[in-house]
Enquirer: 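Sharing a structure below in structure tokens format, with a few things to ask.
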Number of protein chains: 2
Amino acid sequence: MRSSPPADFRRILPPSLLTSARHTWLQPGAYLFHQRDPVRAVYFVESGQIALRRPLPDGNFVVTQVAGPGDSLAEAALFAEIHHCDAIGMVQSQVLGVPKQSMLDLFDRDHSVALAWTRHLSWQLQELRQRIEIRDIRPARNRVLAWLALHDRSEIVLDRPLKDLARELGLTHEVFYRTLAALERDGSIQRRKGMIVRTRSQI
Amino acid sequence: MRSSPPADFRRILPPSLLTSARHTWLQPGAYLFHQRDPVRAVYFVESGQIALRRPLPDGNFVVTQVAGPGDSLAEAALFAEIHHCDAIGMVQSQVLGVPKQSMLDLFDRDHSVALAWTRHLSWQLQELRQRIEIRDIRPARNRVLAWLALHDRSEIVLDRPLKDLARELGLTHEVFYRTLAALERDGSIQRRKGMIVRTRSQI
DNA sequence: CGAGTCGTTGAACGGAATCAATCGTCGTGG
DNA sequence: CCACGACGATTGATTCCGTTCAACGACTCG
């Protein structure tokens with residue numbers, strides 16, 4: 001899908017930063033931080049799933065991000081004094097916390113790291129914009145075809161469960177399964193264990 | 001909606017950079033750049049609308065971004081030798097092109113500018129993630145309520161046509177109108193010229 | 001005064017969500 | 001080892017909500 005490298009924090013942060021970082025285990029429902037907590041660190045998800053949500057006056061929430069393995073979390077917090085949303089583990093999760101000040105200091109000392117971070121953010125942006133646009137494609141058949149077409153190789157390796165991919169595409173997993181089945185039926189794709197192969201590529 | 005400042009490039013780029021920038025007028029359908037063109041500049045939309053789209057082998061396209069006034073365009077190009085998508089004016093548009101090298105040089109010379117750019121990207125990311133999550137909310141009524149709830153003040157000033165807001169929310173304008181009408185009917189909001197006022201805020 | 005666009009409502013259709021049931025696989029513990 | 005539960009994958013049936021098409025009024029602009 002993406003023409004940019006995978007946005008995994010391990011490729012962005014230098015080892016020197018990683019040593020000053022703290023690993024944390026989070027049980028399901030446990031808070032990583034609360035709204036209005038002072039910002040101490042920028043976080044990266046190593047495993048599990050962390051949700052960011054903004055509490056509303058009436059006691060409800062609006063979810064603003066769901067971060068999975070490899071994702072960075074609340075990068076904008078780097079430029080804020082306090083958090084403006086809650087962070088909660090959806091499942092048992094492991095996160096890496098890099099102290100805010102260490103990060104800013106390193107940016108200051110080492111240009112290449114600052115630039116690498118900028119590149120990371122730019123890639124993320126590109127990917128998200130793409131995701132938004134692809135979700136606007138209707139019906140499901142065309143959306144899935146577009147998603148397939150964005151992959152450079154005709155063989156798409158499924159590194160995640162189809163269920164997760166469905167969510168990324170903004171479809172329920174049922175509809176995604178059905179659509180894939182329909183595409184295979186009419187010969188647009190072939191399915192092999194753990195991968196999808198594009199055959200014709202008409203949208 | 002956002003708790004961060006508006007992401008307008010005029011607040012990020014220092015005047016020194018803006019002087020070295022070039023204004024370009026783009027007619028509808030005209031290309032700002034093509035895929036595989038060498039990256040010369042990073043662009044900002046001053047007026048109109050620019051679409052980024054990735055050409056497919058079969059002659060089709062997948063749109064990856066639609067940028068409006070104030071938006072930066074293809075920031076990731078700053079780290080690439082060639083463009084990997086086309087940029088086309090959807091309507092008559094004016095863009096500002098800041099030479100890639102000027103930008104990188106300035107980042108190198110002036111930390112504060114580099115940091116401002118990082119902050120800009122972080123805010124953009126946050127906003128996009130929020131947009132994605134809000135578009136997952138169904139049905140339309142709840143989505144609109146969530147969108148309203150994200151605004152800090154109970155009076156939401158409509159700076160853009162409702163049509164555009166509908167698009168941002170991932171709804172057709174008809175459904176958006178209807179939903180607003182329904183919300184007003186049951187007393188959840190009140191509408192005054194150019195603004196919407198939250199009254200009750202239950203989701 | 002028309003042309004164009006936004007805002008608004010109506011009616012009908014279609015496609016995706018939802019609910020439900022089944023199968024396979026994997027890991028866990030008795 | 002097998003039973004059990006959890007979860008992914010899959011398909012069916014039904015419902016419902018958002019899209020689409022259509023029409024109209026208000027407003028702005030040339």
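By convention in this document, chain letters (A, B, ...) are assigned in the order of the sequence lines, proteins followed by strands, and residues within each chain are numbered from 1.
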Enquirer: What integer distance in Å separates A:Lys163:NZ from D:dT11:C1'?
Expert: 15 Å
Enquirer: Would you please name every residue forming a side chain to side chain contact (heavy atoms under 4.5 Å, CB included) with A:Ala67, sequence neighbours left out?
Expert: A:Val45, A:Gln65, A:Asp71, A:Leu73
Enquirer: If the sugar-phosphate is the primed atoms plus P, OP1 and OP2 and the base is the rest, what is the B/S/- string for nucleotides 13-30 of chain D, using protein heavy atoms under 4.0 Å?
Expert: B----SBBB---------
Enquirer: Nearest-Å distance, CG (A:Leu165) to P (D:dG8)?
Expert: 12 Å
Enquirer: So, is B:Arg191 close to the C:dT8 phosphate, meaning a side-chain N or O under 4.0 Å from OP1 or OP2?
Expert: yes
Enquirer: By side chain to side chain contact (heavy atoms under 4.5 Å, CB included), which residues pair with B:Arg178, not counting sequence neighbours?
Expert: B:Glu174
Enquirer: Among residues at least two apart in sequence or on other chains, which ones pass side chain to side chain contact (heavy atoms under 4.5 Å, CB included) with A:Ala76?
Expert: B:Ser122, B:Trp123, B:Gln126
Enquirer: A:Ala77: which residues meet the side chain to side chain contact (heavy atoms under 4.5 Å, CB included) condition with it, sequence neighbours left out?
Expert: A:Val39, A:Ala74, A:His83
Enquirer: In whole Å, I'd like the distance from the OH atom of A:Tyr177 to the P atom of D:dT11.
Expert: 10 Å
Enquirer: When the distance from CZ of A:Arg167 to P of D:dG8 is rounded to whole Å, what number comes out?
Expert: 13 Å
Enquirer: If you look only at distance, which donor and acceptor atoms sit under 3.5 Å apart when one is on a side chain in residues 17-26 of chain B and the other is two or more places apart or in another chain?
Expert:
from, atom 1, to, atom 2, distance (Å)
B:Thr19, OG1, B:Ser16, O, 2.6
B:Ser20, OG, B:Leu17, O, 3.0
B:His23, ND1, B:Glu46, OE2, 2.6

Enquirer: Can I get a per-line list of side-chain donor-acceptor pairs under 3.5 Å for residues 180-187 of chain A, giving both atom names and the distance, sequence neighbours left out?
Expert:
from, atom 1, to, atom 2, distance (Å)
A:Glu184, OE2, A:Arg191, N, 3.2
A:Asp186, OD1, A:Ser188, N, 3.2
A:Asp186, OD1, A:Ser188, OG, 2.8
A:Asp186, OD2, A:Arg141, NH1, 2.9
A:Asp186, OD2, A:Arg141, NH2, 3.4

Enquirer: How many whole angstroms separate atom CD1 of B:Ile137 from atom P of C:dA17?
Expert: 15 Å
Enquirer: Expressed as a whole number of angstroms, how long is the span from A:His173:NE2 to C:dA17:C1'?
Expert: 11 Å
Enquirer: How would you list, by chain and number, every residue that makes a ring pair (Phe, Tyr, Trp, His ring centres under 6.0 Å) with B:Phe176, sequence neighbours excluded?
Expert: none
Enquirer: Listed by chain and number, what are the ring pair (Phe, Tyr, Trp, His ring centres under 6.0 Å) partners of A:Phe79, not counting sequence neighbours?
Expert: none
Enquirer: Using the salt bridge (charged side-chain N to carboxylate O under 4.0 Å, His left out) criterion, which residues pair with A:Arg138? Sequence neighbours excluded.
Expert: none
Enquirer: In terms of relative ring orientation, are B:His34 and B:Tyr31 parallel, tilted or perpendicular, with 30° and 60° separating the classes?
Expert: parallel
Enquirer: Does the side chain of A:Arg198 reach to within under 4.5 Å of the side chain of A:Glu155, using non-hydrogen atoms?
Expert: no
Enquirer: Can you give me the bend angle of the helix from C:dC1-D:dG30 to C:dG30-D:dC1? Use the axis through the first five pairs and the one through the last five, nearest 10 degrees.
Expert: 40°
Enquirer: Tell me: CD of A:Glu184 to P of D:dA9, nearest whole Å?
Expert: 15 Å
Enquirer: N/O contacts under 3.5 Å, protein versus nucleotides 24-27 of chain C?
Expert:
none

Enquirer: To the nearest Å, how far apart are B:Phe176 CZ and C:dT9 P?
Expert: 13 Å
